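One is the number of the first residue; the rest follow in order along the sequence. Just the heavy atoms: all of them, side chains too, but no hydrogens, waters or symmetry mates, feed the values below. Remember, it's 1-based here, ligands and their atoms both numbered in the order they're listed. Nothing here was measured: the structure is a model prediction, and the numbers come from that model.
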Amino acid sequence: MKHLHSGKVRDLYELPGGELLIVARDSISAYDHVLDTPIPDKGRILTQLSLWWFERLADVVPNHVVSTDLPDGSPAEWEGRAVVVRRLDMIPVECVARGYLTGGGLKDYRKSGAVCGIVLPEGLEDGSRLPEPIFTPTTKAAVGGHDQPMTYQDVEQLAGAGLASRLRDITMEVYRRGAELALERGVIVADTKIELGLREGELVLGDEVLTPDSSRFWPADDWEPGRSQKSFDKQFVRDWLVSPESGWDPASGTAPPALPAHIVEQTRAKYVEAYERLTGRSWA
Ligand SMILES: Nc1ncnc(-c2cnn(Cc3cccc(F)c3)c2)c1Cl
């Protein structure tokens, strides 16, 4: 099969029949670096979690999944972390929904009191829950670039008023359903990013959905506005990388060192925990 694109933690291939193959790697990224040390099973766990969400959301929006059968000629190690998907005409908008304020949204709020043109109440802090979830679309930055915030008017200019309204409605409903279910199971989904494409004039959910790579997952029992929240899955890696033990400085611009085995194991366990808590299924 033909290799089309490599993301930070996933690869995209084209199959002879014209369909695409998304392969999730066991890579993990932190401080804007893709680490050299893989987290065993991360690709498979997040692929299976995304497939579970696609099924649960089928009444909200159709999805691009065709099959999880490994195409002939694929490496056996891709089993369980490769998905055959229909090729869509992707809308060049990162459709983001936020239920909590942090990251780039917080930065924009501190500068202007608004995010993507949406004015927010005063006094919000890092990690504050928003009165209502908001649609905060961004452009798809080029490789190595940073996504730029878009106002809703920008989306209308790019996609037309009708499509813009559908993009927002679908994004908000996917977020509401995901955040509600996750919170019942002890996980805050602070925000999520989905990608939608057109197929025969119909909007179809592409990419991945409601994984810790496409969304911010926080442990609900640790939530405290006013400081940065712990990441459900990446906190062990982040803390170790900035601890004296790693000998690494994020400001140095150098590549991070390899992770010790106990950090890898603890991180793998968090992915298993997220899958089991959300799906109610055992990973074994
Ligand atoms: N169904 C689709 N039809 C057309 N294009 C896409 C598409 C293009 N790019 N991406 C992002 C991406 C997903 C995984 C691995 C990467 F390297 C990059 C998704 C999809 Cl999912």
Q: Who are the side-chain contact (heavy atoms from CB on, under 4.5 Å) partners of R277, not counting sequence neighbours?
A: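 R277 satisfies side-chain contact (heavy atoms from CB on, under 4.5 Å) with V187, F232, E273 only.
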Q: Using links of under 4.5 Å between side-chain heavy atoms of ILVMFWY residues, direct or through other members, which residues join L21 in one cluster?
A: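 Other cluster members: M1, Y13, L15, V23, V66, L70, W78, V84.
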Q: Taking 4.0 angstrom as the limit, do R216 and D191 come out as a salt bridge?
A: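 Salt bridge: yes.
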Q: Hey, are T136 and R98 close enough side-chain-wise for a donor-acceptor pair under 3.5 Å?
A: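 The answer is yes; a qualifying pair exists.
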Q: Taking only residues two or more places apart in sequence, or in another chain, which ones meet E224 in a side chain to side chain donor-acceptor pair (under 3.5 Å)?
A: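 E224: side chain to side chain donor-acceptor pair (under 3.5 Å) contacts with R227.
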Q: Report all N/O contacts between ligand 1 and the protein shorter than 3.5 Å as a table of atom names and distances to 0.1 Å; if there are none, say 'none'.
A:
{"from": "ligand 1", "atom 1": "1 (N)", "to": "H64", "atom 2": "ND1", "distance (Å)": "2.9"}
{"from": "ligand 1", "atom 1": "1 (N)", "to": "R86", "atom 2": "O", "distance (Å)": "2.8"}
{"from": "ligand 1", "atom 1": "3 (N)", "to": "L88", "atom 2": "N", "distance (Å)": "2.8"}

Q: Look at the rings of Y100 and W218 and say which category their plane angle falls in: under 30° parallel, 30 to 60° tilted, over 60° perpendicular.
A: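 Rings of Y100 and W218: perpendicular, over 60°.
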